[in-house]
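Written below as structure tokens is the structure these notes are about.
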Amino acid sequence: MKHKLIYILLTLASVITYGQVNLSLDADKSDYAGKDVVNLTIVLELNGSDLVQQTGFQLPDLSKFNIIGSGSVTNTVIDPATNTLITQKVSRIALEPKKKGKIKIGSVLVTVNNKIYKTEPFDVNIRDIVDKRALAGNTSNDVYLNMEIEDREVYQDQPTIAVLKVYSRNMDNLRKVKNIRLPQQENINVHAVNFNKSEIDPSGNGNMASQVLAVFMVFPNEAGYIEVPGVSASVSTYSNKNKIVSNKVKLNVRKLPEGAPECFKNAVGNFNVSVYNASKEKPEAKKPLNVVVRVSGEGNLPDMELPKIMASPDYEVFAPKITSKVSPGSTGMKGEVSASYVIVPNKSGAISIKTEQFAFFNPENKEYVDLGQKTLSVNAFSHDQILESRTAVEKVNEYTNNLLETVDTPVLKTTSFKVKEKNKFHWNILLTNIVILLGLFIVYLLFKTWQKKRTLVRETVSQKPLGSVAETEKEIRESLKTDINDYFGYLENLKDNGDYEKFFVTLEELDQEVRNQHVQGSVMEFKTFLEKHNGSLVAEEYGKLQQRIQIEKYSPVKSADGIDELLKTIVNLYSQISK
């Protein structure tokens with residue numbers, strides 16, 4: 001009996017550790033004001049490689065809310081202690097309550113390995129709801145902002161891309177959103193990527209139209225769970241001006257790995273350091289020099305601590321002037337930041353100007369890089385040596401300048417000594433005028449010849465028989481048609497070489513070329529064209545592909561597998577469209 005009990009316990013322990021499914025549904029809080037957004041978080045965790053999710057999340061009845069935004073992310077890791085595959089899928093849903101009081105949020109269902117799992121229902125309390133019928137003229141009640149951050153797990157001082165979207169049932173309201181204010185908080189640094197509005201998507205979320213308003217980078221400067229505050233904007237009408245605020249997003253900011261060099265401060269990215277003498281004059285003792293310390297690269301460049309020039313008895317250092325030339329990159333802000341120091345040598349001879357040691361953390365390789373100390377060797381001359389090294393012309397110029405500055409000389413009238421010149425005939429002016437006239441005459445003859453040829457071409461074209469409208473449209477399309485297989489081969493080469501910036505530029509050219517083949521200008525017009533001629537399924541796939549391209553384009557870290565899968569989808573869809 002004792003052996004049987006031990007066998008049963010061991011069997012249960014092995015089943016529990018081999019495969020486990022955890023499903024949870026939580027709200028960010030339990031009590032909400034009337035204007036608050038209810039944020040629901042669904043987490044599905046699969047512990048084990050044999051677990052397969054067979055269905056998507058089956059949401060409960062949310063008819064008492066308006067769905068104003070949603071997003072999901074999937075992470076897969078292997079536990080080194082147990083060598084178990086852990087798959088975690090997190091979905092966020094932003095809801096706007098329609099009524100006040102206690103509202104029950106039901107269970108979320110999901111099927112894994114032919115077994116249905118569900119969450120426990122819970123209640124949320126909504127205090128006051130403003131009657132929208134009384135505010136029919138207030139357009140902000142029908143306009144919602146949603147901030148989407150795809151990568152919510154980053155290192156400290158590593159950027160993540162945030163996309164701000166606006167939703168409304170009335171497309172006209174999207175054009176009234178102005179004065180976008182990015183979030184400001186002590187534990188984050190925010191830098192704008194662009195404020196270019198995208199084309200309006202009429203089927204953004206349910207029956208609501210959507211539009212991208214801004215893309216920006218968020219640099220969390222401390223570890224832990226950090227909540228990015230909402231982005232605010234104003235909805236302007238002729239009668240009033242209302243303020244709207246987006247949802248908040250939580251980030252899981254990981255601590256930087258241990259083993260950082262002592263000189264490491266907060267530089268995260270990939271950088272280079274240089275120091276040089278920017279003064280044009282020869283270095284002279286007791287005279288100021290302009291020494292520049294420049295840090296270039298890509299990362300948290302505008303917010304990092306620059307290496308300073310170390311103090312020395314050989315020279316005197318003054319506070320620097322900081323200048324920056326940065327722009328958004330794929331993994332942070334790229335460019336250069338320069339610190340211009342004024343240094344006065346205290347003696348003549350060889351002087352070594354040294355900077356502090358500088359190190360940074362490279363998140364791509366997950367390692368620290370120590371660039372060490374940079375040194376600038378300067379040979380400062382004495383005042384006598386500077387005088388001896390001057391040329392005779394420089395000495396005469398200096399003597400003349402000193403004479404004019406120190407001696408009070410009278411003003412001489414020199415007009416009486418001027419010699420009157422004879423009036424001469426300038427042949428050069430005459431020849432120049434003749435050449436100009438000949439040139440104008442030749443241009444006139446060329447213009448008349450071109451005009452005659454154009455008249456003949458028009459007469460020839462007019463003699464050709466006119467076909468039907470369909471034949472003419474077919475001829476136009478054949479003239480515009482190009483071989484898109486050339487684009488596919490070129491995109492494959494760019495993907496293999498890792499030139500992702502040129503990859504997305506070429507991809508835009510391919511999309512423009514395909515739209516030109518069908519005489520369609522914008523993406524929305526082309527999507528309507530596809531729905532009419534190729535079916536709603538192809539049009540929907542084209543819209544999803546455009547959104548996926550934008551996400552991959554602005555993703556801070558691009559994977560080769562993701563780009564390869566994107567290219568396969570592009571080849572299949574565009575080959576089908578161009579048939």
Side-chain angles (χ1 to χ4, degrees), residues 15-28 37-62 65 67-95 105-122 146-155 160-163 165 204-206 218 225-228 247-254 544-545 547-548 550-552 554-566 569:
V15 170
I16 292 173
T17 56
Y18 184 71
Q20 186 175 1
V21 179
N22 295 322
L23 179 65
S24 64
L25 172 64
D26 296 310
D28 54 348
V37 175
V38 179
N39 293 308
L40 300 181
T41 303
I42 306 172
V43 180
L44 174 64
E45 188 175 291
L46 306 176
N47 297 328
S49 58
D50 62 327
L51 298 176
V52 179
Q53 181 182 353
Q54 296 173 313
T55 63
F57 291 136
Q58 300 179 26
L59 300 179
D61 181 17
L62 300 176
F65 301 90
I67 300 178
I68 62 176
S70 63
S72 63
V73 64
T74 302
N75 298 317
T76 302
V77 295
I78 296 178
D79 189 356
T82 60
N83 198 22
T84 304
L85 179 66
I86 300 176
T87 303
Q88 185 183 64
K89 183 174 182 181
V90 181
S91 294
R92 292 289 300 271
I93 305 174
L95 305 174
I105 296 179
S107 302
V108 174
L109 305 179
V110 67
T111 303
V112 178
N113 287 12
N114 298 322
K115 184 177 180 180
I116 299 176
Y117 296 85
K118 69 175 184 177
T119 61
E120 293 296 329
F122 58 90
N146 185 42
M147 178 172 54
E148 300 176 1
I149 298 181
E150 188 72 20
D151 190 6
R152 302 188 183 185
E153 186 173 351
V154 293
Y155 282 110
T160 182
I161 297 292
V163 179
K165 287 186 177 182
N205 199 341
V218 179
Y225 286 97
I226 293 179
E227 187 175 64
V228 180
N247 59 307
K248 301 176 182 179
V249 177
K250 284 187 177 180
L251 300 179
N252 181 15
V253 184
R254 294 177 288 177
K544 291 180 179 179
L545 178 61
Q547 294 180 358
R548 184 177 173 187
Q550 294 298 319
I551 293 174
E552 290 288 345
Y554 293 110
S555 176
V557 179
K558 297 179 175 60
S559 63
D561 296 337
I563 298 297
D564 184 55
E565 184 179 353
L566 177 64
T569 306

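The shown structure was predicted, so the numbers you read here are calculated from the model rather than taken from an experiment.
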For Val21, run the side-chain contact (heavy atoms from CB on, under 4.5 Å) check against Val112, Val110, Asn113 and tell me which one passes.
Val112
Between [X] and [Y], what is the shortest heavy-atom contact and its length?
| X | Y | result |
| --- | --- | --- |
| Phe122 | Leu25 | CE2-O, 3.5 Å |
| Thr119 | Gly106 | OG1-O, 4.3 Å |
| Ser107 | Lys118 | CB-CB, 4.2 Å |
| Leu51 | Gln20 | CD1-O, 3.4 Å |
| Val108 | Leu23 | O-CD2, 3.6 Å |
| Lys89 | Thr74 | CG-OG1, 3.7 Å |

Enter the distance from [X]:[atom1] to [Y]:[atom2] here, rounded to the nearest 0.5 Å.
| X | Y | atom1 | atom2 | value |
| --- | --- | --- | --- | --- |
| Thr160 | Arg152 | OG1 | CZ | 9.0 Å |
| Leu251 | Tyr225 | CG | OH | 11.0 Å |
| Ile93 | Leu40 | CD1 | CG | 6.0 Å |
| Leu566 | Leu545 | CG | CG | 6.5 Å |
| Thr87 | Leu46 | OG1 | CG | 5.5 Å |
| Leu95 | Asn39 | CG | CG | 8.0 Å |

Check salt bridge (Lys or Arg N to Asp or Glu O under 4.0 Å) between Lys250 and all other residues, then give those that pass, not counting sequence neighbours.
none
So, the side chain of Gln88 versus the backbone of Val43: is there a donor-acceptor pair under 3.5 Å, distance only?
no
Do side-chain atoms of Thr111 reach the backbone of Ile116 as a donor and acceptor pair under 3.5 angstrom?
no
Just so I know, are the side chains of Asn47 and Asn22 near enough to count as touching, which here means a heavy-atom distance under 4.5 Å?
yes
Could you check whether any side-chain heavy atom of Glu150 comes within less than 4.5 Å of a side-chain heavy atom of Ile161, counting everything from C-beta outward?
no
For a side-chain hydrogen bond (donor to acceptor under 3.5 Å, both in side chains) with Arg92, tell me which candidate from Asn146, Thr41, Asn247 qualifies.
Thr41
Working note: Thr569 + Arg548, criterion side chain to side chain contact (heavy atoms under 4.5 Å, CB included); need CA distance, chi angles, decisive distance, verdict.
CA-CA 10 Å; Thr569 306; Arg548 184 177 173 187; 3.4 Å; yes
